[in-house]
Undergrad: 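Encoded as structure tokens, here's the structure I'll be asking about.
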Amino acid sequence: VPDDPNALRILDLEDDPVDTELIQANLMAGGMSCEMTRVQTRAGFEAALENGDFDLVLSDYSLPSFDGLSALELAKEISPDVPFILVSGVIGEERAVEALKRGATDYVLKQSLERLVPAVRRAVREAKERTERRRAEEALRDIRDAERRRIARDLHDGVLQDLSYTAAAMGLIMLEVEGTKLEERLQRTIDAVRRAAQALRDAVNDLRLEEEWDRPFPGLVESLVQRNRVMARGLEINLEVGEEFPSSSLGETGTQLLRIIQEALTNARHHSRARNVVVTVGMEGSDLVAAVSDDGRGFRPSTALGVGLSSMRERAAAIGSKLEIESAVGQGTTVRLRIPMSQKG
Amino acid sequence: LSEDLAMRTRVMLVDDHADFRHLMTALLGREPDLEVVAQAGSLAEARSHAAAMRFDVAVLDLGLPDGNGADLIGDVREFNAGAAVLILSASLHPTNLERATEAGADDILDKLAAPGEIVSTIRRLGTGEAPTRRE
């Protein structure tokens with residue numbers, strides 16, 4: 001049995017070796033080949049989960065030095081994808097329901113072990129389906145990312161280069177028509193081409209943002225601020241990252257947050273006439289807070305109905321947050337965002 | 001500024017967009033103190049120029065067909081120790097900019113910058129920041 005490559009690898013948290021044998025005998029009688037690893041302490045359970053590659057966790061409810069609910073919590077943390085079945089004496093409906101609420105896959109009474117085989121079969125099958133679904137989703141995401149990269153590259157290498165050339169070429173012609181009646185018309189045309197190129201560049205960088213999900217957020221926001229400094233000469237942009245701020249990737253939340261900050265910086269650059277902008281990201285308790293403040297001319301909130309603003313709002317909603325905008329004429333503008341970070345920060 | 005030949009700032013242009021290069025040549029050609037002495041459309045071409053030519057400012061695009069322009073900065077400095085490097089790029093993508101800054105670019109300019117700004121930046125880099133450039 002131990003050498004069967006298809007054997008289910010089971011971690012059994014159980015203080016009574018006889019019960020483990022009984023469980024194994026039951027599974028084998030049901031036609032399931034399995035390899036049992038029995039542990040009975042917290043340390044043993046934790047070490048086994050961290051080192052072992054298990055298909056399933058079976059756990060007693062009460063043990064001399066440990067308990068099933070704490071084990072469940074630990075298992076959810078270390079191996080969230082491995083199904084967890086409580087196998088215990090009578091503990092009452094309430095406790096069983098509580099365990100299921102906290103993420104146990106199933107609950108089997110030691111007094112009715114005949115339920116064990118179908119429960120294990122179902123748990124293992126469902127776990128396998130979840131894994132397959134996740135793989136399919138990952139494959140799909142890879143395809144989508146590759147598509148985005150291709151579009152970004154095509155736009156960048158082709159259209160953006162030609163637009164930049166066009167703006168520069170018209171700029172050169174401009175030097176020759178200065179002081180003539182063509183000057184103003186040409187300038188307006190140049191401005192439009194530049195706007196188009198900038199919008200295209202933003203779109204390209206936006207597409208490329210997807211590639212950076214897994215990079216640590218502080219580095220990403222630093223790069224983003226640096227890029228804006230380059231694009232906005234004469235505008236002082238400062239970045240403050242709070243000490244408690246996670247130094248890891250923020251995943252999708254990070255991507256959306258970067259886009260919101262970018263949008264706010266774009267607004268500050270184009271509309272605010274500000275001299276100084278401060279970007280802050282930090283933690284307040286378990287909330288992530290981010291703000292972009294400028295000392296520009298401000299606006300009456302009721303008048304600000306730009307596309308940029310609604311896209312910022314949409315992105316904020318997508319990550320479970322709400323955008324706050326403080327602004328008044330002559331008082332500058334602050335765009336603020338608070339994102340509750342659940343236990344999975 | 002003196003229009004003396006010896007005071008000219010010699011420029012190498014590296015960009016795979018040939019029209020853009022010609023345009024830059026025309027733009028810099030209007031300035032008596034600036035002179036385009038070499039042009040390249042790829043890393044390979046630029047490397048051979050870097051070894052053979054003397055120039056004061058290298059103007060580099062980042063996205064070249066055979067690699068990233070930032071990788072040229074080392075070659076430029078190896079053969080033209082005093083030369084300044086200006087990144088003139090349309091993309092301004094943070095990853096690219098970081099790479100260029102780390103490789104030692106002296107300045108970074110948006111390709112959409114006004115012609116006057118491009119000229120004044122090259123002039124500043126050519127006169128200000130490379131004291132050993134003239135023989």
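Please read all numbers here as calculations on a predicted model, not as lab measurements. Quick note on labels: first sequence line is chain A, next is B, and so on, each numbered from 1.
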Undergrad: Search all heavy atoms of B:L112 against all heavy atoms of A:S164 and return the closest pair with its distance.
TA: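 Between these two residues, the closest heavy atoms are CD2-CA, 3.9 Å.
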
Undergrad: Report the residue from A:R201, A:R229, A:R194 that forms a salt bridge (charged side-chain N to carboxylate O under 4.0 Å, His left out) with B:D110.
TA: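 With B:D110 as partner, salt bridge (charged side-chain N to carboxylate O under 4.0 Å, His left out) holds for just one option, A:R201.
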
Undergrad: Could you tell me which residues in residues 70-79 of chain B have at least one non-hydrogen atom under 4.5 Å from a non-hydrogen atom of chain A, sorted by residue number?
TA: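 When heavy atoms of chain A are the reference, residues 70-79 of chain B contributes no residue within the under-4.5 Å range.
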
Undergrad: Please determine, among B:D61, B:D16, B:D19, B:L27, the option with the most heavy-atom pairs under 4.5 Å with chain A.
TA: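 Looking at each of B:D61, B:D16, B:D19, B:L27 in turn, B:D19 comes out on top.
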
Undergrad: Mark yes when over 12 heavy atoms from residues, nucleotides or ligands other than A:E244 sit less than 6.0 Å from its CD; otherwise mark no.
TA: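 Counting neighbours around CD of A:E244, 12 or fewer heavy atoms of other residues, nucleotides or ligands fall under 6.0 Å, so no.
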
Undergrad: Looking at A:D157, A:L175, A:L160, which makes the most heavy-atom pairs under 4.5 Å with chain B?
TA: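 Counting heavy-atom pairs under 4.5 Å, the top option is A:L175.
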
Undergrad: At a 4.5 Å cut-off on heavy atoms, which part of A:A167 comes close to chain B: side chain, backbone, both, or neither?
TA: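 Looking at A:A167, just its side chain touches chain B.
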
Undergrad: Between B:T101 and A:Q226, is any pair of side-chain heavy atoms under 4.5 Å apart?
TA: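 B:T101 vs A:Q226: side chains apart.
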
Undergrad: Check the orientation of A:Y165 and B:F20. Use parallel for under 30°, tilted for 30 to 60°, and perpendicular for over 60°.
TA: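 Ring orientation of A:Y165 relative to B:F20: perpendicular.
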
Undergrad: Out of A:A168, A:G171, A:A197, A:G219, return the one with the most heavy atom pairs under 4.5 angstrom to chain B.
TA: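 Of the options given, most contacts go to A:A168.
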
Undergrad: Within a radius of less than 6.0 Å around CZ of A:R185, do more than 12 heavy atoms belonging to other residues, nucleotides or ligands occur?
TA: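 Not more than 12 within 6.0 Å, no.
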
